[in-house]
A.B. asks: 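First the structure, then my questions, so here it is.
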Number of protein chains: 2
Amino acid sequence: MEPVQGASQKELVALAAKYRESLRHAVYLTRSLDAEGDLTTAQVSTLNMLAEAPLRIGGIARRSGIKVPSATEQVIRLEAAGLVLRRPDPDDARGVLVQLTERGAQELAAANQRRNAILAERLAALSPDDRTVLEAAVPVIDRLNSLIPEMTKPEKK
Amino acid sequence: MEPVQGASQKELVALAAKYRESLRHAVYLTRSLDAEGDLTTAQVSTLNMLAEAPLRIGGIARRSGIKVPSATEQVIRLEAAGLVLRRPDPDDARGVLVQLTERGAQELAAANQRRNAILAERLAALSPDDRTVLEAAVPVIDRLNSLIPEMTKPEKK
DNA sequence: TTCCATAGTTAGGTAGCCTAACTATCACCC
DNA sequence: GGGTGATAGTTAGGCTACCTAACTATGGAA
């Protein structure tokens, strides 16, 4: 009756289907957080990485789950917008270190705040129980995300 | 000590920030489910809607959270690929009804199966507790998604 | 010091999104 | 019954963000 062990294949697939569907709609949630002259979602994403520490192009690509040329392109746009700056990696002249500019940090903070505020407003509409469930789910979602191949590759060494 | 009532603004914003971050990575999870000559994520998304019932262009746009011209474009691509067909809406000659073709239904089923299988494999790597949490979170995420403005507009009538 | 591997860039292509402007039909109403 | 405004889609043009393939430059090791 109770497979203490785990879930059946069928159950796993069913959960997968439901979760995929929810995620699909969640994309639109994210999109609905975007605004006019604001940064795009992908830009916010990249800038958030750089807020922790400067990264090389390859690092951005790996963490974003995109290819190197796409990362180059992203960075070029961000640089043109004055939000990041590129400089050669002192340890390896082939590499390029990308870091936030003052303005990049400011605009990122503003964009994050705005998005979080809108989302917080919607979260407030949920029941306290729902919020508790969501709170508990976040680390689980993160663990699941961390299982993505490619994004788990070692830094370089 | 315990605001039985609900959460503070600060807590809401904190949850919003964490959730946004998780969602951001989840996008790459979805992307990682894509494969070679397979349908794109947006296409699967559209086809999944049509699997329930034929829709008009406007209906696709609203449910996808995109504008009508973008929906037209999607449909044109799907039609060119032989996955959907368009015909005038018998009730309103201005409208266009979009429905799955036989082949569209087949390819959709295959794509869903493949994606679900990959995701199910990763879900299997989670602890049973984690899966329980995720299972509980899906309806909450759906409720949160349903709060998106624009996507909640009435059908037509 | 030669040669392969690695880091990025460049070039060219596609999906997917947008706004603005246009066409066709509907629905009302005088 | 023929305007007229609203509604449904399409077309045109533009941008972001992704891709692969091919190239350049540096690093490292034989």
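Here is the naming used below: chain letters follow the sequence lines, and residue numbers restart at 1 for every chain.
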A.B. asks: Indicate whether OP1 or OP2 belonging to C/dG16 is found under 4.0 Å from a side-chain N or O atom of B/Ser70.
C.D. replies: no

A.B. asks: Can you measure B/Lys67 atom NZ to D/dC15 atom C1' for me and round it to whole angstrom units?
C.D. replies: 16 Å

A.B. asks: Any side-chain N or O of A/Thr72 below 4.0 angstrom from OP1/OP2 of C/dG8?
C.D. replies: no

A.B. asks: Any carboxylate oxygen within less than 4.0 angstrom of a Lys/Arg side-chain nitrogen, looking at B/Lys18 and A/Asp142?
C.D. replies: no

A.B. asks: Can you measure from OG (B/Ser22) to CG (A/Leu144) and round to the nearest 0.5 angstrom?
C.D. replies: 10.5 Å

A.B. asks: A/Glu73 CD to D/dA17 C1': how many Å, rounded?
C.D. replies: 6 Å

A.B. asks: How long is the line joining CD of B/Glu79 and P of C/dA15, in whole Å?
C.D. replies: 15 Å

A.B. asks: Looking at the side chain of B/Ala93, which of D/dC19, D/dA17, C/dT25 is the nearest nucleotide?
C.D. replies: C/dT25

A.B. asks: Look at the side chain of B/Arg77 and decide which nucleotide, out of C/dG16, C/dC17, D/dT7, has an atom nearest to it.
C.D. replies: C/dG16

A.B. asks: Quick one: on DNA chain D, does A/Thr40 or A/Pro69 contact a more 5' nucleotide (nearest heavy atom)?
C.D. replies: A/Thr40

A.B. asks: From CZ of B/Arg56 over to C1' of C/dC26, roughly how many Å is that when rounded to an integer?
C.D. replies: 11 Å

A.B. asks: Based on the rotation axes of five pairs at each end, what angle does the helix from C/dT1-D/dA30 to C/dC30-D/dG1 bend through, to 10°?
C.D. replies: 10°

A.B. asks: Taking B/Leu55 as the starting point, is it possible to reach B/Ile66 by hopping between hydrophobic residues whose side chains are less than 4.5 Å apart?
C.D. replies: no

A.B. asks: Pick the closest DNA chain C nucleotide for B/Ala71 and for A/Ile76 by heavy atoms, then say which residue is nearer the 5' end.
C.D. replies: A/Ile76

A.B. asks: Between P on C/dT6 and CZ on A/Arg62, what's the gap in Å once rounded to a whole number?
C.D. replies: 14 Å

A.B. asks: Side chains of B/Arg56 and B/Val98: closer than 4.5 Å at any heavy-atom pair?
C.D. replies: no

A.B. asks: Measure across B/Met49 and B/Ser64 and return the closest heavy-atom pair with its distance rounded to 0.1 Å.
C.D. replies: CE-OG, 3.0 Å

A.B. asks: Would you say A/Gln74 places a side-chain N or O within less than 4.0 Å of OP1 or OP2 belonging to D/dA17?
C.D. replies: yes

A.B. asks: Give the nucleotide from the list C/dG8, D/dC18, D/dA17 with an atom nearest to the side chain of A/Gln43.
C.D. replies: D/dA17

A.B. asks: Please tell me which of the listed nucleotides, D/dT10, D/dC18, D/dT20, lies nearest to the side chain of B/Val96?
C.D. replies: D/dT10

A.B. asks: If you measure only the distance, is there a donor-acceptor pair under 3.5 Å linking the side chains of A/Arg20 and B/Asn112?
C.D. replies: yes

A.B. asks: Using whole Å, what does the distance between atom P of nucleotide D/dC18 and atom CD1 of A/Ile66 come to?
C.D. replies: 5 Å

A.B. asks: Side-chain contact test, heavy atoms from C-beta onward, threshold under 4.5 Å: evaluate it for A/Gln99 versus A/Val84 and give yes or no.
C.D. replies: no

A.B. asks: Starting from P on D/dA17, measure out to CZ on A/Arg31 and report it in whole angstrom.
C.D. replies: 12 Å

A.B. asks: Between C1' on D/dA17 and CD1 on A/Ile60, what's the gap in Å once rounded to a whole number?
C.D. replies: 14 Å

A.B. asks: If you look at every heavy atom in B/Asn116 and A/Ala16, which pair is closest and at what distance?
C.D. replies: O-CB, 3.6 Å

A.B. asks: Which nucleotide wins on minimum distance to the side chain of B/Arg94, given the candidates C/dG16, C/dC26, C/dC18?
C.D. replies: C/dC26

